[in-house]
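What follows is a single structure, written as structure tokens, with notes after it.
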Amino acid sequence: MTRLSIVRHGQTEWNLRTRIQGSTDIPLNSTGRAQAAETGLRLRSRHWDAIVTSPLDRAHETARIIAGELELAQPEVFEALTERHHGQIEGLTFAERQSRFPNGVAVPGLETRQEVLDRVLPALGRVAAARPGQSVLVVCHGGVIGTLIRNSTGGERPRHDEIIANGSVHDFVWRDGGLELEYFDATVRTFAENTHYTG
């Protein structure tokens, strides 16, 4: 068994403006850097053996900040942990997305959730195989985390009112060749919030 605690990166300007990021490489803003440091401080009470990350800058910088707080070696990059590709809706707000591609209209270039699982789960399996019995931090993205949680809960979570917040930490274990959710660090959203799938 390997413990894999999956962290969503800190805030970016596109998160703040509810723009869909996907594979677009948007950096952290000052709030995001502070969130990453705060997450690192919160994680000091637990033991960690390593940290790995998505290659996208917002995740990689978050991982570097957390590694610094925890006195871990620099994060190892796994290309497969990148955010879900959103094709032609990247850069749009949710309102713009609904206007151009209403529900039921196919989005060119949008990666399916199954395609996300098909690349992310093997990568996590490789991390687990390389570090049996260890506790590893994995820094990636809201769309990836949401897909993993849905897969682990049979689609029951996240509920419509649950946000995968920037800097949140979700605990999984890799056991018997599969990923199991132990703790979902959900934030309940208010009516005005709609930022939980901007990447």
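Residues take their numbers from the sequence shown, with the count starting at 1.
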Pairing of [X] and [Y] as salt bridge, 4.0 angstrom limit:
X      : Y      : result
Arg113 : Asp118 : no
Glu115 : Arg84  : no
Glu13  : Arg17  : yes

Is [X] reaching over with its side chain to a backbone N or O of [Y], donor-acceptor style, under 3.5 angstrom?
X      : Y      : result
Asp25  : Asp57  : yes
Glu96  : Thr93  : yes
Gln134 : Arg131 : no
Arg97  : Phe101 : yes
Thr39  : Gln35  : yes
Ser168 : Ile164 : no

What are the two closest non-hydrogen atoms of [X] and [Y], and how far apart are they?
X      : Y      : result
His9   : Asn166 : O-ND2, 3.0 Å
Leu92  : Gln88  : CD1-O, 4.0 Å
Gly125 : Trp174 : CA-CZ2, 3.5 Å
Ala123 : Phe78  : O-CE2, 4.2 Å
Ala80  : Arg126 : CB-NH2, 4.4 Å
Gly10  : Leu28  : O-CD2, 3.2 Å

From [X] atom [atom1] to [Y] atom [atom2], the distance as rounded to the nearest 0.5 Å:
X      : Y      : atom1 : atom2 : answer
Ile149 : Glu156 : CD1   : CD    : 13.0 Å
Asn151 : Leu181 : CG    : CG    : 10.5 Å
His160 : Ile163 : NE2   : CD1   : 11.5 Å
Ile65  : Ile51  : CD1   : CD1   : 10.5 Å
Glu38  : Ile66  : CD    : CD1   : 11.0 Å
Leu137 : Thr62  : CG    : OG1   : 12.0 Å

Checklist outcome for this item: Exactly one of Glu90, His141, Glu111 clears side-chain hydrogen bond (donor to acceptor under 3.5 Å, both in side chains) with Ser23, and that residue is Glu90

Would [X] end up clustered with [Y] when hydrophobic side chains under 4.5 Å apart are linked, directly or stepwise?
X      : Y      : answer
Leu72  : Val77  : no
Val120 : Leu4   : yes
Val144 : Val139 : no
Ile20  : Leu110 : yes
Leu43  : Phe172 : no

Checklist outcome for this item: When Arg64, Arg33, Arg44 are each screened for salt bridge (charged side-chain N to carboxylate O under 4.0 Å, His left out) with Glu69, the one that passes is Arg44

Checklist entry - Where do Gln21 and Thr12 land on the side chain to side chain donor-acceptor pair (under 3.5 Å) test, with the steps shown first? => result CA-CA 9 Å; Gln21 291 177 124; Thr12 71; 2.5 Å; yes

Could you tell me if [Y] and [X] have a donor-acceptor pair between their side chains, going purely by distance under 3.5 Å?
X     : Y      : result
Gln11 : Asn29  : yes
Asp49 : Ser135 : no
Thr82 : Arg119 : no

Checklist entry - Out of Leu56, Leu124, Thr53, Ile6, which residue meets the side chain to side chain contact (heavy atoms under 4.5 Å, CB included) rule with Leu81? => result Leu124

Checklist entry - Step by step, would you call Thr2 with Val127 a side chain to side chain contact (heavy atoms under 4.5 Å, CB included)? => result CA-CA 9 Å; Thr2 303; Val127 172; 5.5 Å; no

